[in-house]
Amino acid sequence: MTRLLLGAVLLGNLSVTVQVPVMLAPPTQVRFDSVDYKNNLRWTPPANSTSSTSLQYYVQWKIYGEPQWLDVDGCQGIHKPQCDLSGVTSDTREWYYARVHAASLPSSKSAWALSPRFSPRWDTKISPPVLRLNVTEQGIVVRVKPPKQQVRKMHSSLQYKIYLIHTGGEEEVFEMDCCFNKLTLKELNHNAKYCLQAQTMIPLQAKSSTRSSVRCATTL
């Protein structure tokens, strides 16, 4: 009897610790980052992940209004928090969604995290043009590097605004169609410094790039 009582006391003092697995939080800030119709999906890793190197991500996409989600080839079990969706979101008439979930081996898996609705036509950013300047006796010859092929393919009526910045800060604006070879700025002061910037314009969408970096030249 004494042994039975002692055993009962010992069992009563024992505590069993059960470790409940913590569910992996979903990725955050899921968004499309699109420049010149290269449509990348980016996101931030889960807040409660212990190691980003052990995380795997799975990405799906769908057209707005369609019920079915589709896996993105090449973006299943990836480790980087980004995925190029240009191949499946190339139709500029459509709107798209994407979603991503994270998994941490061996068994922890997050819920899906959804992107905002995305339109390549309206949401892509156009990169600023690149200027080349050449000084001649006639003035400053401005050449603009054409936009990337995908931009020219999507828009048949591209234009440039060329900003001529005088020493005092005042600006003159010139327009030229893409993709003319050059624009010659004449009747400039001799031995004077002028700076220039350019901007790509899409008139049919009332859309434009940011201004290019400043390039300067001194006339003869």
Side-chain angles (χ1 to χ4, degrees), residues 17-130 145-155 158 199-202 204-213:
T17 302
V18 178
Q19 187 173 3
V20 179
V22 178
M23 183 175 180
L24 187 64
T28 59
Q29 297 180 321
V30 182
R31 74 277 185 194
F32 278 90
D33 181 10
S34 176
V35 179
D36 295 332
Y37 298 96
K38 184 174 179 61
N39 308 326
N40 284 311
L41 187 73
R42 303 184 191 277
W43 58 88
T44 300
N48 65 343
S49 61
T50 57
S51 172
S52 59
T53 57
S54 64
L55 286 175
Q56 293 181 343
Y57 299 104
Y58 298 81
V59 181
Q60 293 184 333
W61 72 282
K62 74 169 185 174
I63 295 175
Y64 172 65
E66 295 290 334
Q68 185 177 6
W69 287 95
L70 304 171
D71 289 343
V72 180
D73 292 339
C75 292
Q76 305 300 305
I78 60 176
H79 295 283
K80 291 184 177 180
Q82 63 181 44
C83 169
D84 186 354
L85 273 70
S86 303
V88 295
T89 58
S90 60
D91 190 340
T92 57
R93 299 168 298 180
E94 299 288 357
W95 291 78
Y96 299 94
Y97 282 110
R99 66 180 186 178
V100 57
H101 77 74
S104 181
L105 299 178
S107 60
S108 184
K109 180 180 175 181
S110 78
W112 289 99
L114 185 67
S115 75
R117 191 170 62 168
F118 168 74
S119 163
R121 176 181 176 86
W122 298 108
D123 294 335
T124 197
K125 299 180 183 69
I126 305 301
S127 57
V130 177
K145 182 179 179 180
K148 292 185 178 179
Q149 183 178 1
Q150 188 67 14
V151 178
R152 300 200 303 273
K153 178 182 176 182
M154 294 293 184
H155 302 283
L158 289 172
Q199 193 175 24
T200 303
M201 313 295 295
I202 306 175
L204 295 179
Q205 289 184 227
K207 188 174 186 175
S208 63
S209 72
T210 58
R211 289 195 188 192
S212 67
S213 56

> Is the side chain of Q76 donor-acceptor paired with the backbone N or O of V59 at a distance under 3.5 Å, no angle test?
Replying inline: yes
> Hey, does the side chain of T200 reach the backbone of S209 with a donor-acceptor pair shorter than 3.5 angstrom?
Replying inline: no
> Say you draw a straight line from OG of S104 to CD of Q56; how long is it, rounded to the nearest 0.5 Å?
Replying inline: 8.5 Å
> Atom CD in Q150, atom OH in Y37: separation rounded to 0.5 Å?
Replying inline: 8.0 Å
>> Could you tell me if S34 and D123 have a donor-acceptor pair between their side chains, going purely by distance under 3.5 Å?
In response: no
>> Which residues pass the side chain to side chain contact (heavy atoms under 4.5 Å, CB included) test with Q82, not counting sequence neighbours?
In response: R42, K80
>> Do Y57 and S110 have side chains that approach each other closer than 4.5 Å (heavy atoms only, starting at C-beta)?
In response: no
> Which heavy atom in S115 sits nearest to a heavy atom in Y97, and how many Å separate them?
Replying inline: O-CD2, 3.4 Å
> With a 4.5 Å heavy-atom cut-off, do L55 and L24 have their side chains touching?
Replying inline: yes
>> Under the criterion side chain to side chain contact (heavy atoms under 4.5 Å, CB included), I'd like the reasoning laid out for R99 against V30: C-alpha separation, chi angles, the key distance, then a yes or no.
In response: CA-CA 8 Å; R99 66 180 186 178; V30 182; over 6 Å; no
> Between atom OG1 of T92 and atom NZ of K153, what is the distance when rounded to the nearest 0.5 Å?
Replying inline: 10.0 Å
>> To check you understand the geometry: which heavy-atom pair defines the closest contact between Q68 and K62, and what is its length?
In response: O-CB, 3.3 Å
>> Could you measure the distance from the CG atom of D33 to the NZ atom of K125? Nearest 0.5 Å is fine.
In response: 6.0 Å
> What do the steps show when you test K207 against T124 for side chain to side chain contact (heavy atoms under 4.5 Å, CB included), and what is the final call?
Replying inline: CA-CA 10 Å; K207 188 174 186 175; T124 197; 3.8 Å; yes
>> I'd like to check the ring pair (Phe, Tyr, Trp, His ring centres under 6.0 Å) partners of Y96; sequence neighbours left out, ordered by chain and number.
In response: none
>> Holding to side chain to side chain contact (heavy atoms under 4.5 Å, CB included), I want the full list of residues that pass it with K109, two or more places apart in sequence or in another chain.
In response: H101
>> Under a 3.5 Å cutoff, is there a donor and acceptor pairing between the side chains of Y58 and Q60?
In response: no
>> Looking at every non-hydrogen atom in both residues, tell me the closest pair between N39 and P120 and how far apart they are.
In response: ND2-CB, 4.1 Å
> Can you name the nearest heavy-atom pair linking L114 to W69, along with the distance?
Replying inline: CD1-CH2, 3.4 Å
> Closest approach of P27 and A113, non-hydrogen atoms and distance?
Replying inline: O-CB, 3.3 Å
>> Can you give me the closest heavy-atom contact between A111 and M23, atom names plus distance?
In response: N-CE, 4.0 Å
>> Once rounded to the nearest 0.5 Å, what's the spacing between atom CG of D84 and atom NZ of K38?
In response: 4.0 Å
> Are the side chains of R31 and F118 in touch, meaning some heavy atoms are under 4.5 Å apart?
Replying inline: no
> Taking it one step at a time, do W43 and C83 satisfy side chain to side chain contact (heavy atoms under 4.5 Å, CB included)?
Replying inline: CA-CA 9 Å; W43 58 88; C83 169; 4.1 Å; yes
>> Does R121 form a side chain to side chain contact (heavy atoms under 4.5 Å, CB included) with Q205? I'd like the steps, not just the answer.
In response: CA-CA 9 Å; R121 176 181 176 86; Q205 289 184 227; 3.9 Å; yes
>> Please check: side-chain N/O of D36 versus main-chain N/O of K148, any donor-acceptor pairing under 3.5 Å?
In response: no
> To the nearest 0.5 Å, what is the distance between CG (L85) and CG (N40)?
Replying inline: 8.0 Å
